[in-house]
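The block underneath contains the structure these notes are about, expressed in structure tokens.
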Amino acid sequence: MTSGENLHRKDIFDRAAEAAGLSDSAKSEQLNTGSLRYEQRMQWVLSHLSRANLVDRPARGYYRLNDAGRAWTKEHPRGMTFREANQYFKPFWSPEVSKQPNSTTTPKVAELEPLEKIDEGINQLTAETAEDLLERLRGTHPDFFEEAVVQVLLKMGYGGADKRGRALAGLETGV
């Protein structure tokens with residue numbers, strides 16, 4: 001994007017992925033929202049470049065490196081590290097991010113795109129719910145646990161159309 005040409009964001013994403021040597025598996029990694037992780041990160045980059053007035057947005061979804069961006073690129077031909085990016089873009093972050101009480105958590109919050117924050121929240125809630133459920137199930141009678149497993153399997157579609165699944169505990173063996 002150094003020539004000042006107008007590029008669609010998808011073209012920028014593809015060029016950046018190629019320049020970074022992203023593997024196919026890295027390019028296909030999805031968030032819980034269904035979005036591709038690398039595209040969300042690239043959108044974050046474009047948003048911050050735009051806020052810092054290093055790129056122009058001549059039309060919806062299109063970006064162009066402006067004179068300030070070309071000058072910055074000339075001064076920093078190797079780009080910047082994550083730490084340098086945090087320092088450079090900090091003045092452009094939203095107020096709620098820059099007012100985080102614990103300065104050690106600010107880079108983590110700032111590095112995440114809003115959809116990634118949602119994805120991380122979903123992952124955290126899922127893990128907490130799973131742990132809570134397991135803890136509760138471990139504290140129950142084995143017959144209850146077996147019945148719970150059968151009900152989950154039935155809800156997942158196992159057991160056929162007539163839902164034949166049933167717990168074996170408590171059944172009379174008849175032998």
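Treat the numbers as computed from the prediction; the structure is a model and nothing was measured. Just so it is clear, the values below take in all heavy atoms, side chains as well, and ignore hydrogens, waters and symmetry mates.
Considering only heavy atoms from C-beta on, Tyr88 stays 4.5 Å or farther from His48 through its side chain. Between Leu54 and Arg70, the closest side-chain pair of non-hydrogen atoms is not below 4.5 Å. Side-chain contact between Glu5 and Arg64 is absent, with no heavy-atom pair separated by less than 4.5 Å. The closest side-chain heavy-atom distance from Arg41 to Arg37 is below 4.5 Å. Side-chain contact between Leu36 and Phe13 is absent, with no heavy atoms from C-beta onward closer than 4.5 Å. In this structure, Tyr63 and Ile12 have side chains that are in contact, with non-hydrogen atoms separated by less than 4.5 Å.
One distance of note links CG of Leu154 with CD of Gln151; it measures 5.5 Å at 0.5 Å rounding. Between Asn6 atom CG and Asp11 atom CG the span is 11.0 Å, to the nearest 0.5 Å. Expressed to the nearest 0.5 Å, how far OG1 of Thr73 lies from CZ of Arg78 amounts to 15.0 Å.
Side chain of Ser47 to backbone of Gln43: no donor-acceptor contact under 3.5 angstrom is found. In this structure, Ser50 contributes its side chain and Leu46 its backbone to no donor-acceptor pair below 3.5 Å. A donor-acceptor distance shorter than 3.5 angstrom exists from the side chain of Glu84 to the backbone of Thr81, with no hydrogens or angles considered. A donor-acceptor distance shorter than 3.5 angstrom exists from the side chain of Asn66 to the backbone of Asn53, with no hydrogens or angles considered.
The same ILVMFWY cluster, assembled from side-chain heavy atoms under 4.5 Å apart, contains both Met156 and Val149.
Annotation for Glu128: atom CD counts as buried by contact number, over 12 foreign heavy atoms lying within 6.0 Å. Within a 6.0 Å sphere centred on OH of Tyr62, heavy atoms belonging to other residues, nucleotides or ligands number 12 at most.
Under 4.0 Å is where a charged nitrogen must lie from a carboxylate oxygen, and between Glu39 and Lys10 at least one such pair does.
Smallest separation of non-hydrogen atoms from Ala17 and Lys27: CB-CD, 3.9 Å.
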